[in-house]
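Quick note: numbers below take in every heavy atom, side chains included, and nothing from hydrogens, waters or symmetry partners. First the proteins, then the strands, lettered A, B, ... as listed; each starts at 1.
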Protein chains: 2
Amino acid sequence: MTHAIAPCILIVEDDPDTAEAMAQAACDVGADPVVRCSYAGGLAAAAGAEFAVIMFDRMLPGGDGVDAIAKLRAAGSTALVMVVSALGRAANKIEGLEKGADDYLAKPFDPDELRARLRALLRRKAMVALDNDVMVFGDLEIRLKARTVHIGQAHVALSPKEFELITYFARNAGETVTRMQLLEHVWNLHFDPQTNVVDVHVGRLRRKLEAVAGRAVIHTARGQGYVFDPQREGAA
Amino acid sequence: MTHAIAPCILIVEDDPDTAEAMAQAACDVGADPVVRCSYAGGLAAAAGAEFAVIMFDRMLPGGDGVDAIAKLRAAGSTALVMVVSALGRAANKIEGLEKGADDYLAKPFDPDELRARLRALLRRKAMVALDNDVMVFGDLEIRLKARTVHIGQAHVALSPKEFELITYFARNAGETVTRMQLLEHVWNLHFDPQTNVVDVHVGRLRRKLEAVAGRAVIHTARGQGYVFDPQREGAA
DNA sequence: GATCACATGACAAGTCCCGTCATGTGATCA
DNA sequence: TGATCACATGACGGGACTTGTCATGTGATC
C-alpha cells in the first residue's frame, strides 16, 4: 500500500468553467487537484511534484497539451495522461493516443464519464504501486516486496532484521515506538530479555540510514523509545 | 524487459466480421489474438492462459462482457479490459468503466482508433512489467529487481549465485549454454579452473527448480552444455 | 567392458547475521 | 559537581548460509 496520501491530479486547462468541472471530478474521485491554465505553467507544475494523473487540454496558451507528453516522459514522469479536448474526431484521438496519452476524452464531456475514466486511470496507477507495496517518505522509499530501501537514487543495504525494523518504524511513522513494542513486533518476544539487543540493532539501522541520508532519520524519545521521522530536520 | 514473447490479446466477440477486425488490430500492434465467440468461452479462455488485454463485447451469447470483469478479477486476472460495444451512450460507458473496464470503445469503431487504444493499454501493461524487470516463461517468472523466482504461486528459494545462474540461462533461453560461457559470465573467470564447480552449481539450481515445477527446466546437451527451456516436456 | 561426460554427496572455509556483553557518552537530578 | 540512569557504540562469538573442491556414483558412447 502506498502511504495514505491522496493522489494528486494536475489539470492544465485555460477555460475556467471547464477547469472547475475537471477539478470537481478529481475531488469526487478522492484526489487533490492542482490547476494550471497555460502550457508552460503545466509543464512547470509537472516538474515540481508527483502527479498520479495529468489532464491536458490541447489548445492551450503557449502550446498543445499533446506535445507536452514527450517532454514529461523525457523528464522521467510516470504520470498517466488524459487529454481532454474539443478536438474530438477519431483522427485527433488517434494522434493523441499515439503521442503517448493514456486516454482521450472529447469535449463537451459528461462529468460522470470523466469521473469513471479518472477512476479507471487511478486503478491502473494503483496497480504499479500495489505490485511493490511502496511506502514513501519524501526521498526515502521502502519497497516491501523487493525488500529494498532507497534514499533518493541511493540503495541502503540492510540486513533482514534491519529491514523488519524499518518496516515497523515506517508503519508507525511520526509516533513514539517503545522498546517493548519492537521486542513484540520485530523480535516476537513478550518479555524483556534483559539485554540491549534493541538498542544495538536500532543503532545499526540508524547509522546506515544517516550515512546515506546525511541527516537523522530515527530520533530518540528519552525514557520512551524512538520516533521514525525521515522528514524532520535536526539531530536525533 | 519482458522476455521477447508477443503479448496475447483475448477477443470475445460473436460477430465474425467484427472479431476479424479486432484480431487484425491486435496483430497490427504486435500481439497474438485469441478469439472466442461466447461469454462462457471467453471466461474459459481467460482462465487458461495469461492475456495482456482482454476485449469483450457486451451482448454476447450467454452474458454481458461487462459482467465478466468481476469474475476475471476474482480469479486473480490482471489483464487490462477493453469493452467494445454497440451500447455507446455515455451511460453505457460509465457503467462499463465503473464495473472495472480500463477502456470502452463504441461500435462502429475506427480501426485506427482501436489500434491506438490497444497500444495505449499495452504501454500501460508494460509499465508494471518494466517496474520489476520481469522475465516470464509460462508459469515460471523471474523478477530481476526483487531477485525472486516463482513457479506458479510458489516461491523458489535461490542463493545469490543460483539467481545469477538462472538469470544468465533465462537471457539465453532455448539456446545451448556452454560451461565456459557460464564461467565467463556468471563466475567472471576466463580460464578453466579444472574443477566441476559449474556442474555442481547447475545441479543445485536444477534440483530446486524441478522440486517446485515438477518437471525438468534445465536440460543437458551432452558434450556441449545446458539448455534452459522451462516449457519443454520430458526429462533432462 | 572401457572410457568419458555428467551428476551427486560430503566437507571445509569464508562471510554474514544476530545477540550478548562491556564500556563510553550524554542527560538528569540532588 | 558528582552520582545515577538512559542510551550509544565497539567488539566478540556462535550459528546459518554460501560457495568451491573433491571423491565417487551414474549414464552414455564406442
Between T195(B) and dC22(D), is there a contact of a side-chain N or O with OP1 or OP2 at under 4.0 Å?
no
Base, sugar-phosphate, or nothing for R207(A), non-hydrogen atoms under 4.0 angstrom?
sugar-phosphate
For dC6(C), does either OP1 or OP2 sit under 4.0 Å from a side-chain N or O belonging to R222(B)?
no
Across the strands shown, which category fits V200(B) at heavy-atom distances under 4.0 angstrom: base, sugar-phosphate, nothing?
base
Please confirm whether the shortest side-chain N or O distance from S159(B) to OP1 or OP2 of dT18(D) is below 4.0 Å.
no
Does N196(B) contact dT24(D) through a side-chain donor or acceptor facing the base, at a distance under 3.5 Å?
no
Using purine N1 to pyrimidine N3 plus N6-O4 or O6-N4 for Watson-Crick, or N1-O2 and O6-N3 for G-U wobble, both under 3.5 Å, which nucleotide pairs with dT29(D)?
dA2(C)
Length of the CD-P vector between Q224(B) and dC6(C), whole Å
9 Å
Parallel, tilted or perpendicular, judged at 30° and 60°: which one describes the rings of W187(A) and H201(A)?
perpendicular
Would you say R179(A) reaches dC7(D)'s phosphate, i.e. side-chain N/O to OP1/OP2 under 4.0 Å?
yes
Length of the CD-P vector between Q194(A) and dC21(C), whole Å
11 Å
How many whole angstroms separate atom NE2 of H219(B) from atom C1' of dA7(C)?
16 Å
Any W187(B) side-chain nitrogen or oxygen under 4.0 Å from OP1 or OP2 of dG20(D)
yes
Can you tell me the distance, in whole Å, between the CG atom of D192(A) and the C1' atom of dG19(C)?
14 Å
So for R204(A) and dG10(D), does any side-chain atom that can act as donor or acceptor lie under 3.5 Å from a complementary atom in the base?
no
Is P193(B) touching bases, backbone alone, or none of the nucleic acid, heavy atoms closer than 4.0 Å?
nothing
So what does G203(A) touch, heavy atoms closer than 4.0 Å: a base, only the sugar-phosphate, or nothing?
nothing
Test item: L140(A) and M135(A) side chains (from C-beta on) under 4.5 Å apart, heavy atoms:
no
How would you label the contact of Y226(B) with the nucleic acid (heavy atoms, under 4.0 Å): base, sugar-phosphate, or nothing?
sugar-phosphate
Please state how far atom CZ in F163(A) lies from atom P in dC18(C), giving the value in whole angstrom units.
13 Å
Should R206(B) and E162(B) count as an ion pair when the cut-off is N to O under 4.0 Å?
no
Hey, what's the ring geometry for F169(A) with F228(A), parallel, tilted or perpendicular (30° and 60° as the breaks)?
parallel
Specify the separation, in whole Å, of atom CG of L165(A) and atom P of dC17(C).
14 Å
So, does K161(A) get its side chain near the phosphate of dC16(C), meaning an N or O under 4.0 Å from OP1 or OP2?
no
note: E164(A), atom CD; dG19(C), atom P; distance rounded to Å ~ 11 Å
For P230(B), does its backbone N or O pair with a side-chain atom of R215(B) as donor and acceptor, under 3.5 Å?
yes
Ignoring the backbone of D199(A), work out which of dA7(C), dA8(D), dT18(D) is nearest its side chain.
dA8(D)
Under 4.0 Å between a side-chain N/O of H201(A) and OP1 or OP2 of dG19(C), yes or no?
yes
Within the 4.5 Å heavy-atom criterion, are P193(B) and L183(B) side-chain neighbours or not?
yes
Round to the nearest Å and state the distance from K208(B) atom NZ to dA7(C) atom P.
17 Å
